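Here the structure is laid out as structure tokens; the discussion comes afterwards.
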2 protein chains.
Amino acid sequence: MTSQAPGSPPHSIVVLAGGVGGAKYLLGVRRWAQQHGAEVTAIVNTGDDATMHGLRVCPDLDSVMYTLAGTHDPERGWGQVGESWVVGEELAEYGAGSTWFSLGDKDIATHLVRTQMLDAGYPLSDVTAALCTRWPIGVRLLPMSDQRVETHAIAEVPAQDGPPVQRALHFQEWWVRYRAQLPTEGFVQVGLEHARPGPGVLEAIGEADLVLVAPSNPVVSIGTILGLQAIRDAVRATDAPVVGTAPLIGGSPLRGMADTCLRIVGVEPTALAVGAHYGARSGDGVLDGWLVAPGDGGSIEGVEVAEAPLLMSDPDATAAMVDAAVRLAGLADG
Amino acid sequence: MTSQAPGSPPHSIVVLAGGVGGAKYLLGVRRWAQQHGAEVTAIVNTGDDATMHGLRVCPDLDSVMYTLAGTHDPERGWGQVGESWVVGEELAEYGAGSTWFSLGDKDIATHLVRTQMLDAGYPLSDVTAALCTRWPIGVRLLPMSDQRVETHAIAEVPAQDGPPVQRALHFQEWWVRYRAQLPTEGFVQVGLEHARPGPGVLEAIGEADLVLVAPSNPVVSIGTILGLQAIRDAVRATDAPVVGTAPLIGGSPLRGMADTCLRIVGVEPTALAVGAHYGARSGDGVLDGWLVAPGDGGSIEGVEVAEAPLLMSDPDATAAMVDAAVRLAGLADG
């Protein structure tokens, strides 16, 4: 299942990733890559992107950038450490909307640079590269697309007067404002069918020695990336083995609300069901291997399933997960 | 020189004003108006407005709003009290330009609300009114125009290599970055000839009982407002007396660099020369009366000149200046 000789560690690793969970996973991938002289390209979901107070916010790209830069807040789980909230408090004093979405002062500087560059005509991929030059994050960060794709939930939203009304609301509003607690029929990715993969995305997948699917939300993070047909086709066609890591342990998500999103799209929130949902490359899916937590094992047609500890407690523990994925792909030394 | 019976205090006062000096003057006008049951409309210069980091910044409108709201920083002289600088420091870390222009965090919230409303299609006058609803500032604040007018200096600017080059640079860059210290040929107000007075501006001047010219910069603040031909015509045509207050005491500006700007346009930096520069309404100018500091008196053809203490040390002292202007206009009680 690889173009390399079996037993030859990968030099070039591509990771499909969402935000906070993907960022944490990438800390481990970077650690593993540093130990093995490999290069890492992260292809990151942009479906959560939103415009708040006129600022373009890319939650997943920023979570990955801040985390790899070491400036993220590990306590809060998102945003930067030592963050202040003066601008947001002032916006609230003016009665400016979206008070459910907190923007830190440091974070706002990121969004101001991004928004100004986008307004000047630079594509998101260039903006992302420019922002990353501030920190040597050690990973090539690629937005899945330069085109605007925005995930919306079709949900029953509380109304001021009368019963709830069904409407499409931006994923951020559904996730942050309503804590994913609304009766929800499904998700739509506005703009997905017309979006093209960002520069370098298809090349990276095609030239990779190993493609990893991070333990990110399988529906709204990985599902959105793979919802780009050209990316899905490239993952299915690459000579590299494709190994995913389950985002659930014993039915509970590693973080976030993956279980909620899975139930909404009719997938049982278990590691095996998610692996089957992704499916085998030998069938019409995207996986060769699937890593699950000890005790979560079983069989998925066409997919090699292996068990390994999946708690990303620190970069070394996460690097061990990556090592297990490399072994599962048949790319380990010796 | 008034439509009112002489000796009847004005009910409706219009003030032409720039930024920090105009704001301080308006504190006194508001004090006087509160004591006499009058209403105040400020017509504020927008020629200093600039776009910084994609944010629309209106220095004079904001100075007036913050000062009348009591949230200005009297020590620094501009911006808000208790301001923090996190966003600006982060922008500098990203290498984003215009580091010579400091934007405070609180201030950025103002600019975000403004920029978003402008982008949504609201005119600056509506945006200004919306921002002011946060504070009851007790003065109706009108931008001189909803159209973009930007003052530029034609100056010798230092070049990276070789000798300085003459170019037009935005007034903010000339003023803040170069401290008005460049060899300067003159000023141009880009957009001025096509700009129309903002909603309510001509009506306010036409219906006023008294028009006051604040001791603001006569060239780049008052000069820009009166550079709008329709405003100049309205000031010349109104039934109300027009009284100005000198921005210089014994040849020194009350604040700012009015003397520098005056020299550039060939006007001697003295109270009398500025009064003559504004000129008499009976001629082709805009003044009926001109208030100067003790010892700065003299005669200007067609203009009544009076002396009064002009140090705006507190709102009561400034209200006394306003009272002197009212007396000079022949509108004092009894």
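Owing to the predicted nature of the structure, the values given are computational and were not obtained by experimental measurement. Proteins come first, then strands; the chains are lettered A, B, ... in the order of their sequence lines, and each starts at number 1. Values reported hereafter were calculated over all heavy atoms of this structure, with side chains retained and with hydrogens, waters and symmetry mates removed.
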Residue A:Leu131 versus chain B: region with a heavy atom under 4.5 Å: both

Under 4.5 Å heavy-atom distance to chain B, tell me which part of A:Ser84 shows up: side chain, backbone, both or neither. side chain

B:Ile108 and its side chain to side chain contact (heavy atoms under 4.5 Å, CB included) partner, picked from A:Val86, A:Val87, A:Asp105: A:Val87

Within-4.5 Å side-chain heavy-atom neighbours: B:Tyr94 and A:Thr133: no

Looking at B:Glu39, I'd like to know if its CD atom is crowded, meaning that more than 12 non-hydrogen atoms belonging to other residues, nucleotides or ligands lie closer than 6.0 Å. no

Interatomic distance, CE@B:Met52 vs CD@A:Gln116, rounded to 0.5 Å, equals 10.5 Å

Proximity breakdown for A:Glu90 and chain B, heavy-atom pairs closer than 4.5 Å: both

Going from CG on B:Leu91 to NZ on A:Lys106, what distance comes out if it is rounded to the nearest 0.5 angstrom? 13.0 Å

Here the gap from B:Asp119 atom CG to A:Asp119 atom CG, rounded to the nearest 0.5 Å, amounts to 7.5 Å

Chain A interface, residue from B:Asp107, B:Thr110, B:Thr51 that has the most non-hydrogen pairs under 4.5 Å: B:Thr110

Say you draw a straight line from OG1 of A:Thr71 to CD of B:Glu93; how long is it, rounded to the nearest 0.5 Å? 10.0 Å

Tell me whether A:Tyr122 at atom OH has more than 12 heavy atoms from other residues, nucleotides or ligands lying less than 6.0 Å away. no

Can you tell me if B:Arg76 has over 12 outside heavy atoms packed within less than 6.0 Å of its CZ? yes

